[in-house]
Amino acid sequence: MQDAGGSSDSQRGLVLYASLLILSLLMAIGVGAFVSTQNNFKISGNLKGESIAFYLAEAGIEWSKNEIARATTHPPDSLNFNHSLAGGTFSVSAVSSVALSALAARSVVRSTGEFTRSSSTIQAQLTKTFDLGDAAMALRGNFGRTQLAGDSFLLSGMDHDPLTGQMVPGTGSYPGISVPDESIKSRVESALSGSQFDNIEGTDQNGAPIASSESLPSHVIASLAHDLCRSAHATVVSIPVEGDLFVENQTWGSRASPQLRCVEGLGTGGDLVRFNGNFSGAGILVVRNADLVLAGTYRWDGLIVVTGENVAFKVVGEDVKEIYGSLIVNETSANPEPNALGLDIQGAIRVLFSRVALGGVAALVPSTTLNAIYGALPYRITQNYWRIVTP
């Protein structure tokens with residue numbers, strides 16, 4: 001009987017020992033699961049924090065683009081800004097900001113996003129490039145009537161290379177014609193037939209080949225023309241009192257050596273400068289208080305500005321006429337003549353927007369003049385690179 005009792009006690013002891021062992025194992029598993037869960041929560045929290053910090057840093061880069069776009073100085077002023085967003089912050093600073101040319105500046109910006117204990121830093125290089133025109137043809141001020149005959153014209157806001165005559169891929173486009181408001185836009189569109197409308201190439205951001213623009217308002221164009229004609233580098237020609245000015249078989253500058261030319265009208269109305277024969281040139285041509293008439297073979301690389309009271313741009317004849325760059329016609333009269341024509345195309349012409357042609361003549365604009373109008377010039381911002389900066 002004692003042997004039987006001892007065996008029973010021994011069995012109970014084994015059961016107790018096994019139960020304690022199982023309980024210990026269960027507790028160990030539970031504690032391990034708890035610790036693992038806590039670690040997973042911490043890892044998830046850290047990953048979430050790092051992701052949010054990264055997106056905050058990206059927000060800082062986008063904010064930098066907006067601030068550079070708003071800047072009216074060249075190069076843009078240095079950035080130094082902290083901003084709270086979504087429970088975190090981003091801090092932006094400019095590593096460098098330098099002018100590459102009269103129309104381009106490059107900024108290197110660094111943005112650090114912080115969320116709880118996580119931090120992420122991104123560095124990007126941004127380039128802001130100005131253009132001296134926002135369309136192949138810009139019509140400004142109290143622009144008069146438009147008259148177009150036939151289909152022997154092309155107004156293209158697509159960027160063109162003046163050397164090859166081909167479009168430059170990947171550079172973006174402007175509208176073929178830009179205007180200051182919707183009323184002038186409607187007036188221009190109503191003057192076009194369906195086939196003529198097809199001769200207006202290029203688009204704004206909304207896909208319109210003829211578009212309203214806030215860039216280069218009328219008073220800026222008038223001020224620009226005034227400064228250009230008074231520049232020490234300008235060759236100024238006045239329309240004679242006894243009659244109009246005729247230019248024939250001449251060359252005014254080249255792409256390698258562009259010129260600044262200014263033709264001054266008498267301001268009495270009805271004056272004109274007419275280009276006949278074979279003419280070529282490159283640079284900036286300003287015609288003030290007179291009509292510009294192209295009649296012969298004509299080629300110009302750069303910027304043409306026609307501005308003043310009761311002025312017009314006119315084309316006659318089927319000889320080849322080409323303008324690479326941009327043409328601006330600006331009517332400054334508060335009360336222009338009711339039947340005055342601001343644009344009168346009766347012959348063949350191609351006006352092709354060209355950043356290369358405009359960039360090649362930017363040095364002809366006095367720096368003080370450019371500094372005064374940077375805020376009114378069209379521009380684009382490109383991101384050359386961005387990278388994560390490790391501590």
Side-chain angles (χ1 to χ4, degrees), residues 74 99-105 127-140 154-178 201-204 211 213 215-217 220-221 223-225 227-228 231 233-234 252-262 280-287 292 298-307 313 321-330 349-367 369-382:
H74 182 71
L100 303 177
S101 68
L103 296 179
T127 300
K128 182 176 184 179
T129 306
F130 294 99
D131 289 316
L132 292 178
D134 68 347
M137 179 182 292
L139 309 179
R140 293 294 187 269
L154 173 64
L155 308 177
S156 175
M158 308 298 289
D159 190 16
H160 285 75
D161 184 339
L163 291 175
T164 65
Q166 302 299 310
M167 287 187 292
V168 181
T171 56
S173 74
Y174 282 120
I177 301 176
S178 69
E201 294 182 350
T203 66
D204 67 351
S213 172
S215 299
L216 295 165
V220 169
I221 297 303
S223 177
L224 172 64
D227 290 353
L228 289 172
S231 169
H233 303 292
W252 288 2
S254 64
R255 283 190 292 267
S257 183
Q259 296 181 3
L260 172 54
R261 295 274 186 155
C262 183
S280 65
I284 300 177
L285 171 62
V286 179
V287 178
L292 171 59
Y298 188 91
R299 167 68 185 255
W300 187 265
D301 288 8
L303 177 66
I304 297 178
V305 178
V306 182
T307 183
F313 174 74
K321 304 169 188 67
E322 291 184 320
I323 298 172
Y324 281 86
S326 186
L327 166 68
I328 302 174
V329 185
N330 180 41
I349 188 171
R350 299 201 314 157
V351 184
L352 309 176
F353 181 81
S354 173
R355 288 190 173 93
V356 170
L358 292 174
V361 304
L364 296 174
V365 184
S367 58
T369 301
L370 276 176
N371 288 334
I373 68 171
Y374 277 125
L377 293 179
Y379 63 85
R380 64 191 187 280
I381 295 177
T382 55

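The residues of the chain are indexed from 1 along the displayed sequence. Predicted model, so just to flag it, every value in this text is computed and none were measured.
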Report task. Evaluate the criterion side chain to side chain contact (heavy atoms under 4.5 Å, CB included) for residue pair Val286 and Leu224; output intermediate values, then yes/no. Result -> CA-CA 10 Å; Val286 179; Leu224 172 64; over 6 Å; no
Report task. List in chain and number order the residues that pass side-chain hydrogen bond (donor to acceptor under 3.5 Å, both in side chains) with Thr307, two or more places apart in sequence or in another chain; answer none if no residue qualifies. Result ->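 Partners of Thr307 under the side-chain hydrogen bond (donor to acceptor under 3.5 Å, both in side chains) test: Asn330.
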Query raised in the report: Less than 4.5 Å apart, any side-chain heavy atom of Leu216 and any of Leu377?
Result: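 Yes, at least one pair of side-chain atoms sits under 4.5 Å.
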Query raised in the report: Taking atom types as modelled and ignoring hydrogens, do the side chains of Ser178 and Arg140 form a donor-acceptor contact shorter than 3.5 angstrom?
Result: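 Indeed, the side chains of Ser178 and Arg140 share at least one donor-acceptor pair under 3.5 Å.
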[atom1]-[atom2] distance between [X] and [Y], expressed to the nearest 0.5 angstrom:
{"X": "Tyr324", "Y": "Asp301", "atom1": "OH", "atom2": "CG", "value": "8.0 Å"}
{"X": "Leu100", "Y": "Thr127", "atom1": "CG", "atom2": "OG1", "value": "6.0 Å"}
{"X": "Ile304", "Y": "Ile328", "atom1": "CD1", "atom2": "CD1", "value": "10.5 Å"}
{"X": "Asp227", "Y": "Ile373", "atom1": "CG", "atom2": "CD1", "value": "8.5 Å"}
{"X": "Leu155", "Y": "Phe353", "atom1": "CG", "atom2": "CZ", "value": "13.5 Å"}
{"X": "Thr369", "Y": "Leu228", "atom1": "OG1", "atom2": "CG", "value": "6.5 Å"}

Requested in this report: Begin from the C-alpha positions of Gln166 and Asp161 and carry the test side chain to side chain contact (heavy atoms under 4.5 Å, CB included) through to its verdict.
Outcome: CA-CA 6 Å; Gln166 302 299 310; Asp161 184 339; 5.5 Å; no
Requested in this report: Test Arg380 against Arg355 for side chain to side chain contact (heavy atoms under 4.5 Å, CB included), laying out the working first.
Outcome: CA-CA 12 Å; Arg380 64 191 187 280; Arg355 288 190 173 93; 2.9 Å; yes
Query - Criterion side chain to side chain contact (heavy atoms under 4.5 Å, CB included) on Ile177 and Leu139, from CA distance to verdict - result: CA-CA 7 Å; Ile177 301 176; Leu139 309 179; 4.0 Å; yes
Can any side-chain N or O of [X] pair as donor or acceptor with the backbone N or O of [Y] at less than 3.5 Å?
{"X": "Thr129", "Y": "Ala104", "value": "no"}
{"X": "Trp300", "Y": "Gly283", "value": "yes"}
{"X": "Ser326", "Y": "Ala135", "value": "yes"}

Report task. Could I get the full list of ring-ring contact (aromatic ring centres under 6.0 Å, His included) partners for Phe130, not counting sequence neighbours? Result ->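 Applying ring-ring contact (aromatic ring centres under 6.0 Å, His included) to Phe130 gives His74, Tyr374.
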